[in-house]
Amino acid sequence: MPIWLGVLLAVLGLGIGFGVTLLIFISGSKKSKNTAAKVLENAYAEAKTAKKEAILEAKEEIQTLKEKFDEEVSEKRGELMRNENKLLQKEETLKLKETEYDSKLQHVEETTKKLNTKEQQLEQIKKEAEEATSKVDEQLQKVAGMTKDQAKKTLIEKYTDEAKKEAATIVRNIEQTAKDEASKKAKEIVSLAIQKCATDHTSEITVTVVPLPNDEMKGRIIGREGRNIRAIENATGIDLIIDDTPEAVVLSGFDPIRREIARMSLEKLIMDGRIHPARIEEIVEKAQKDVENSIKEAGDNAVYESGLLGVHPEIARVLGKLKYRTSYCQNCLVHSLEVCHLAGLLAAEVGADIQIAKRGGLLHDLGKALDFEMEGTHVQLGVDIAKKYKESPAVIHCIEAHHGDVEFKTIEAILVQVADAISSSRPGARRESLDTYIKRLEKLEGIANSFKGVEKSFAIQAGREIRIMVKPEEIDDAGAVFLAKDIAKKIEEEMEYPGQIRVNVIRETRSIETAK
């Protein structure tokens, strides 16, 4: 209860009691007066009690407010003390920085004074040097009998002539080095291209042997009065040679496609067992369709394998005929694919157009598929069919120039001729027995291991690189450079090898410690 309310109630109680007593006293009897006195006394007692309670409550509330006030004052005082401490720390920090700044400023001023003094000294020295140089020039001019400009002109003329001679020598050496490097680089490119592209080869043949289940089949193939054998020869254009060779018939003919048709027909007739002229014509017709499908499939596969786009379907079909054509111990289709890949690899190495080179390589012998059927060289026939089906002039030039019939106009045509020469001379050209190959690698490692300080060596990249680990305590960095040169020189003197061999010297230092 608030203090003021308690006091007010006490005062009201006293007033009411006093009023009641006064009324009784005025109006009443003795008994009433006594009752009024008691009421007044009780009112005084209640008022006094209420007053005491109000005072006590007031004191308690005052005490609570005082404690709360003291607590707030204490917090404020603590906060003020903390702020004061922070300000004192900042003031001390500023004083230290100011002292440090004054020290640095003083040091800068002293340094500036020293630099100014040295600058003055240098100016004096420079002035004295210029005076001395001037005196020396005057004395030299007197001794030489010519002015400074005349002497300068004479020296320039003299050293210009010497520089021209040295420059000519350097240019000549550079040209010779460039030629040597170009020759080595060309050999390396060709070697790498050959190593990346390897294909199988077949022997060129003009006959095909068809096995027979027994010798009685020979009579059935000949037929009555030879009508069956004549029907086969007339339908296929291939000669059948039936001799004393046991269980075999030889098919002879210069056209490999006809020979293949005859082989397939004869094998089907033998399996079928019905051999007579009508059946022979039917089987030969089916075999022709099968061979035609095989030709188309071979041409499409060759185009797909080469990775070329936009090849005309008729060109692909003619290309497929090369599957049955051999030339100088090579299958012509396999040879064309090999030339395609080789030309592409060479073009990539020298920065030429890879697609033109590959396309020219694939189609360079296209005419060989037609030279059995049409008049003319295979080069001219290939050019004609390429023009007919809208091949680009660059590809046509590769075809017509691959045997040197016309002058080369593009680098791609040269690359096609080089790839053709590599592929044509490939059988046995780079053939090497395993023993010889291993001995060459062992000799290469032996040369490297013969030098002092070599820990171990490895011949890698098919012998095109020798990797040498040296002992770091015996060979330093400068010694590693000279070691590489010495090993390369010894390899050049003692070995014969295709391309180049890279000598790679590795010096490695390791520090090992164990944490315990």
Side-chain angles (χ1 to χ4, degrees), residues 1-26 32-129 472-473 476-478 506-516:
M1 178 187 297
I3 299 172
W4 60 273
L5 183 60
V7 174
L8 180 60
L9 291 174
V11 172
L12 289 175
L14 288 174
I16 294 170
F18 182 76
V20 172
T21 303
L22 182 62
L23 288 174
I24 295 172
F25 183 77
I26 294 172
S32 300
K33 290 180 180 180
N34 291 333
T35 303
K38 288 182 180 179
V39 170
L40 183 61
E41 184 178 354
N42 291 333
Y44 274 118
E46 291 177 358
K48 189 175 181 180
T49 302
K51 181 180 178 182
K52 287 181 179 179
E53 290 176 356
I55 291 171
L56 287 173
E57 290 179 358
K59 285 182 178 180
E60 289 177 358
E61 188 169 353
I62 289 170
Q63 183 65 29
T64 302
L65 292 172
K66 182 180 178 182
E67 290 176 355
K68 186 175 181 181
F69 176 76
D70 290 342
E71 185 178 352
E72 291 178 354
V73 170
S74 177
E75 289 179 358
K76 294 291 183 182
R77 185 179 290 110
E79 186 176 354
L80 289 173
M81 289 293 291
R82 288 192 295 273
N83 291 335
E84 185 177 359
N85 290 333
K86 289 181 180 179
L87 290 173
L88 290 173
Q89 291 177 358
K90 289 183 178 179
E91 185 177 356
E92 291 177 358
T93 303
L94 290 173
K95 286 181 180 179
L96 290 173
K97 289 184 177 180
E98 185 177 359
T99 304
E100 184 179 355
Y101 174 76
D102 293 339
S103 175
K104 289 183 177 179
L105 182 61
Q106 184 179 0
H107 179 70
V108 169
E109 290 177 352
E110 292 176 356
T111 305
T112 304
K113 289 180 181 179
K114 291 179 181 179
L115 290 174
N116 291 333
T117 303
K118 289 183 178 180
E119 187 176 359
Q120 292 176 0
Q121 293 174 354
L122 287 173
E123 287 292 335
Q124 182 64 28
I125 293 171
K126 183 179 178 181
K127 185 177 180 181
E128 293 176 356
E473 64 272 12
D476 57 12
D477 290 340
I506 299 174
R507 179 180 181 270
E508 183 181 29
T509 303
R510 296 185 182 182
S511 298
I512 301 174
E513 187 59 47
T514 304
K516 300 179 181 179

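Atoms considered below: every heavy atom in the structure, side chains included; atoms not considered: hydrogens, waters and symmetry mates.
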task = Can you sort out the partners of Thr112 under side-chain contact (heavy atoms from CB on, under 4.5 Å), two or more places apart, ordered by chain and number?
result = Val108, Asn116
query = How would you list, by chain and number, every residue that makes a salt bridge (Lys or Arg N to Asp or Glu O under 4.0 Å) with Glu60, sequence neighbours excluded?
reply = none
query = Do Lys95 and Glu91 sit within salt-bridge range, that is, some charged N less than 4.0 Å from a carboxylate O?
reply = yes
inquiry  = Using every non-hydrogen atom in the two residues, find where Asp477 and Arg507 come nearest and quote the distance to one decimal.
reply    = OD1-NH1, 3.1 Å
key: Residues forming a side-chain contact (heavy atoms from CB on, under 4.5 Å) with Ile506, sequence neighbours excluded   = Arg467, Met469, Asn504
inquiry  = Going by the rule side chain to side chain donor-acceptor pair (under 3.5 Å), which residues pair with Glu128 if we only count those two or more places apart in sequence or in a different chain?
reply    = Gln124
task = Would you give the length of the straight line joining atom NZ of Lys68 to atom OG1 of Thr64, rounded to the nearest 0.5 angstrom?
result = 10.0 Å
query = Are any of the side-chain heavy atoms of Lys66 and Asp70 separated by less than 4.5 Å?
reply = yes
key: Contacts of Thr111 that satisfy side-chain contact (heavy atoms from CB on, under 4.5 Å) - sequence neighbours left out   = His107, Leu115
Can you give each donor-acceptor pair under 3.5 Å made by side-chain atoms of residues 71-87, sequence neighbours left out, with the distance rounded to 0.1 Å?
residue: Asn83; atom: ND2; partner: Glu79; partner atom: O; Å: 3.3
residue: Asn85; atom: ND2; partner: Met81; partner atom: O; Å: 3.3

query = Is the closest side-chain heavy-atom distance between Gln121 and Thr117 below 4.5 Å?
reply = yes
ask   = So, are Lys104 and Glu100 salt-bridged, with charged N and O less than 4.0 Å apart?
value = yes
task = Give the intermediate values and the outcome of salt bridge (charged side-chain N to carboxylate O under 4.0 Å, His left out) for residues Lys127 and Glu123.
result = CA-CA 6 Å; Lys127 185 177 180 181; Glu123 287 292 335; over 6 Å; no
